[in-house]
Amino acid sequence: MTLSQPKADLQRYLRSARDALLWKLEGLSEYDVRRPLTPTGTNLLGLVKHASGVELGYFGETFGRPFGEVVPAFGDDAEANQDMWATADESRADILALHSRVTEHADATIAELPLDAVGRVTWWPEERNRVTLHQILVHVISDLQRHAGHADVVRELVDGAAGLQSGNDNMPPGDRAWWESYRQRLEQAARDAG
């Protein structure tokens, strides 16, 4: 029996969430990774940019570990939702490189601090803004998995691709005809119930 190693377990789930989010960009055009496909503008590249800001704030500022570069989209004077989309001047390569630098910074924080290290989330209410690295790891994993779920839906809207991760889509077997028949059954069940 292998004993659990709490920090390693949490890091594995964090990496899994990161990988799931990045995988959703693979094979798509610049337009498709930027397309706003919900009424609130949710798009794949914006989700990656936002995830970078999440990790930068929680694993950097919270533990007094400055990132070392200014990222305007995450600054106090950034326009509302600036972290949720890429401007025409920000390439996919720019956003992915930023994400890589941020995750390296986050991983260094995780490696260097014990799980009971105390930090402060300045944007949370004072009565609950004192946190541990353990709490922040759980919080960020939850947040990134939520955004990976958003990316699942957006990617499916772009080109029909669905699944958990590269090499393991975790989907029932079925071709396009099977999925269309399945969807029609669900539509009929909804109509019959409504």
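Side-chain atoms are counted along with the backbone in the values below, which use heavy atoms only and exclude waters and symmetry mates.
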Report summary line: When rounded to the nearest 0.5 Å, the distance separating OG1 of Thr122 from CZ of Arg120 is 6.0 Å
Report task. Hey, could you give me the NE2/OG distance between His147 and Ser142, rounded to the nearest 0.5 Å? Result -> 9.5 Å
Requested in this report: Check for a donor-acceptor pair, side chain of Lys7 on one end and backbone N or O of Leu113 on the other, with a separation under 3.5 Å.
Outcome: yes
Query raised in the report: Any side-chain heavy-atom pair from Asp152 and Lys24 closer than 4.5 angstrom?
Result: yes
Query raised in the report: Taking atom types as modelled and ignoring hydrogens, do the side chains of Thr103 and Glu55 form a donor-acceptor contact shorter than 3.5 angstrom?
Result: no
**Report entry** Under 3.5 Å side-chain donor-acceptor pair for Gln184 and Glu180
**Finding:** yes
Query - CD1 on Ile136 to CG on Leu14, rounded to 0.5 Å - result: 12.0 Å
Query - Nearest non-hydrogen partners of Asp143 and Val54, listed with the distance - result: OD2-CG2, 3.3 Å
Query - Co-membership, hydrophobic cluster, residues Ile110 and Val118, 4.5 Å side-chain - result: no
Query raised in the report: Is the gap between the ring centers of His139 and Tyr58 under 6.0 Å?
Result: yes
Report task. Any chance you could lay out the side chain to side chain contact (heavy atoms under 4.5 Å, CB included) test for Arg35 and Asn43, step after step, and finish with the verdict? Result -> CA-CA 6 Å; Arg35 275 172 71 185; Asn43 64 91; 5.6 Å; no
Query - Minimum-distance pair of heavy atoms, taken over all atoms of Leu21 and Ala51 - result: CD2-CB, 3.6 Å
Requested in this report: Over all heavy atoms of both residues, which pair between Arg155 and Trp23 is shortest? Give the atoms and the distance, please.
Outcome: NH1-O, 4.1 Å
Query raised in the report: Are there more than 12 heavy atoms of other residues, nucleotides or ligands under 6.0 Å from atom CZ of Arg15?
Result: yes
Query raised in the report: Just wondering, do Gln82 and Phe74 contact through their side chains at under 4.5 Å, heavy atoms?
Result: no
Query raised in the report: Linking I/L/V/M/F/W/Y whenever any side-chain heavy atoms sit under 4.5 Å apart, do Val158 and Leu22 land together?
Result: yes
Query raised in the report: When you look at Leu25 and Leu96, which way does the side chain to side chain contact (heavy atoms under 4.5 Å, CB included) test go after all the steps?
Result: CA-CA 10 Å; Leu25 276 66; Leu96 292 177; 4.2 Å; yes
Query - Pair Ser91, Asp94: side-chain N/O donor-acceptor within cut-off below 3.5 Å - result: yes
Query - All salt bridge (charged side-chain N to carboxylate O under 4.0 Å, His left out) counterparts of Glu187, not counting sequence neighbours - result: Arg191
**Report entry** Nearest-0.5 Å distance that lies between atom CG in Leu45 and atom CZ in Arg34
**Finding:** 5.5 Å
Query raised in the report: So, are Arg101 and Glu69 salt-bridged, with charged N and O less than 4.0 Å apart?
Result: yes
Report task. Determine, using the 4.5 Å side-chain heavy-atom cutoff (strictly less than), whether Leu157 and Val48 are members of one ILVMFWY cluster. Result -> yes
Query raised in the report: Can you tell if the side chain of Leu137 reaches within under 4.5 Å of the side chain of Leu115, non-hydrogen atoms only?
Result: yes
Query raised in the report: Looking only at heavy atoms, what is the nearest atom pair of Thr62 and Val131, with distance?
Result: CG2-CG2, 3.8 Å
Query - Minimal non-hydrogen separation, Gly64 against Pro66, with atom names - result: O-CD, 3.3 Å
Query raised in the report: How long is the gap from CG on Leu56 to CG on Leu98, to the nearest 0.5 Å?
Result: 7.5 Å
Report task. Check whether Ile95 and Leu44 end up in the same hydrophobic cluster, where Ile, Leu, Val, Met, Phe, Trp and Tyr are linked by side-chain heavy atoms less than 4.5 Å apart. Result -> yes
Report task. Would you check if Asp159 and Asp32 make a side-chain contact, meaning some heavy-atom pair closer than 4.5 Å? Result -> no
Query raised in the report: Under 3.5 Å, side chain of Arg18 to main-chain N/O of Tyr13, donor-acceptor pair present?
Result: no
Query raised in the report: Would a hydrophobic clustering, with Ile, Leu, Val, Met, Phe, Trp and Tyr connected at side-chain separations under 4.5 Å, put Met84 with Leu28?
Result: yes
Report task. Step by step, work out the side chain to side chain contact (heavy atoms under 4.5 Å, CB included) result for Leu37 and Thr42. Result -> CA-CA 6 Å; Leu37 288 167; Thr42 304; over 6 Å; no
Query - Asp9 and Gln5 side chains, donor-acceptor separation under 3.5 Å - result: no
Requested in this report: Kindly indicate whether the side chain of Val140, heavy atoms from C-beta on, has any atom under 4.5 Å from the side chain of Leu144.
Outcome: yes
**Report entry** Sub-4.5 Å side-chain heavy-atom contact between Glu61 and Trp123
**Finding:** yes
**Report entry** Verdict with supporting geometry, His99 and Lys49, side chain to side chain contact (heavy atoms under 4.5 Å, CB included)
**Finding:** CA-CA 7 Å; His99 185 267; Lys49 185 177 177 182; over 6 Å; no
**Report entry** Ala106 to Phe59 - nearest heavy-atom pair and separation
**Finding:** CB-CD1, 3.5 Å
Requested in this report: For side chain to side chain donor-acceptor pair (under 3.5 Å), just list the numbers for Thr132 and Asp116, CA-CA rounded to whole Å, side-chain angles, deciding distance to a tenth of an Å, and then say yes or no.
Outcome: CA-CA 5 Å; Thr132 64; Asp116 61 356; over 6 Å; no
Query raised in the report: Has Arg12 got more than 12 heavy atoms of other residues, nucleotides or ligands less than 6.0 Å from its CZ?
Result: yes
